[in-house]
**Q** 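One structure follows; several queries about it will come next.
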Amino acid sequence: MDRAQKESVVEELGQIFESSGVVVVAHYAGLTVAEMQDLRGRMRAAGGSVRVAKNKLAKIALEGKPCASMANLLTGMTVLAYSEDPVAAAKVAVGFAKDNKKFEILGGAMGSTALNPDGVKAVSELPSREELIASVVACIGAPASNIAGAIGAPASNIAGILSTLEEREAA
């Protein structure tokens, strides 16, 4: 790799570290090409990406970034899993680690917060952005349906009373 290529890699990694909601660092020593392709496919399906980069270049790219605290995790054969969604990359990485014992999660960062392996697992258990939006919409919609039911209930009660009175007079 010549100097210009290294500079472009550092710039690309810097953009990844700035724009990602979560970055997970893991060791991947011993994974086959097929297993690595499986990880990439799972991550792509979840809206994230996987990147293997030289640790020295990644450390240079981390300088001055909010997630600079994870620089100490970059030792050995590391892979970076990242996504804009603060939960997606962590969910895929934890799920892949359960299926593959060779894939060892070291930690990561969520914004300026450094995560240890347990922190990554805790983030993976959070609901995704879509799940949160769905629950907020459900919460907003529930009071409206309750109000509609409450408004309609007195009218149906009055109609029931009137029909009962009519039945009594007819008898």
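The first residue in the sequence is number 1, and the count goes up from there. The structure presented is a predicted model; accordingly, all values stated were derived computationally and were not measured.
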**Q** List the residues meeting salt bridge (charged side-chain N to carboxylate O under 4.0 Å, His left out) with Glu84, not counting sequence neighbours, and say none if there are none.
**A** none

**Q** Check salt bridge (charged side-chain N to carboxylate O under 4.0 Å, His left out) between Glu12 and all other residues, then give those that pass, not counting sequence neighbours.
**A** Arg51

**Q** Which atoms form the tightest heavy-atom contact between Val87 and Ser124, and what is the distance?
**A** CG1-O, 4.3 Å

**Q** On a heavy-atom basis, which atom in Ala61 and which in Val10 lie closest, and how many Å separate them?
**A** CB-O, 3.5 Å

**Q** May I have all residue pairs that pass ring-ring contact (aromatic ring centres under 6.0 Å, His included) and include part of residues 87-125, sequence neighbours excluded?
**A** Phe96-Phe103

**Q** If you compare all heavy atoms of Met70 against all heavy atoms of Ala109, which two are closest, and at what distance to 0.1 Å?
**A** SD-CB, 3.7 Å

**Q** Provide the closest heavy-atom pair for Val24 versus Ala90 in the form atom of the first, atom of the second, distance.
**A** CG2-CA, 4.0 Å

**Q** Listing request: all side chain to side chain donor-acceptor pair (under 3.5 Å) pairs with a residue in residues 53-69, at least two apart in sequence or in separate chains.
**A** Asn55-Thr78

**Q** Atom NZ of Lys101 and atom CG of Leu31: how far apart are they, to the nearest 0.5 Å?
**A** 12.5 Å

**Q** Looking at side-chain heavy atoms only, is the closest gap between Leu13 and Leu80 below 4.5 Å?
**A** yes

**Q** Under 3.5 Å, side chain of Asn116 to main-chain N/O of Asp118, donor-acceptor pair present?
**A** yes

**Q** Let me have the donor-acceptor pairs involving side chains of residues 33-46, under 3.5 Å, with sequence neighbours excluded, atom names and distances please.
**A**
from  : atom 1 : to    : atom 2 : distance (Å)
Glu35 : OE1    : Thr32 : N      : 2.8
Glu35 : OE1    : Thr32 : OG1    : 3.4
Asp38 : OD2    : Arg42 : NE     : 3.4
Asp38 : OD2    : Arg42 : NH2    : 3.3
Arg40 : NH1    : Val50 : O      : 3.2
Arg42 : NH1    : Asp99 : OD2    : 3.1
Arg42 : NH2    : Asp99 : OD2    : 2.9

**Q** What heavy-atom pair brings Leu74 and Ala58 nearest, and what distance separates the two atoms?
**A** CD1-CB, 3.6 Å

**Q** Assigning hydrophobic clusters by single linkage (Ile, Leu, Val, Met, Phe, Trp, Tyr; side-chain heavy-atom cutoff under 4.5 Å), is Leu126 placed with Tyr82?
**A** no

**Q** Please round to the nearest 0.5 Å and tell me the distance separating atom NZ of Lys121 and atom CG of Leu115.
**A** 14.0 Å

**Q** Any ring-ring contact (aromatic ring centres under 6.0 Å, His included) involving residues 17-69? Give me the pairs, sequence neighbours left out, ordered by first then second residue.
**A** none

**Q** Same cluster or not: are Ile105 and Met77 linked, directly or through other Ile, Leu, Val, Met, Phe, Trp or Tyr residues, by side-chain heavy atoms under 4.5 angstrom apart?
**A** yes

**Q** Do you reckon Met110 sits in the same ILVMFWY cluster as Val25, going by side-chain contacts under 4.5 Å, direct or chained?
**A** no

**Q** What are the two closest non-hydrogen atoms of Ala88 and Ser83, and how far apart are they?
**A** CB-OG, 3.7 Å

**Q** Answer yes or no: is there a donor N or O on one side and an acceptor on the other, between the side chain of Glu18 and the main chain of Gln15, under 3.5 Å?
**A** no

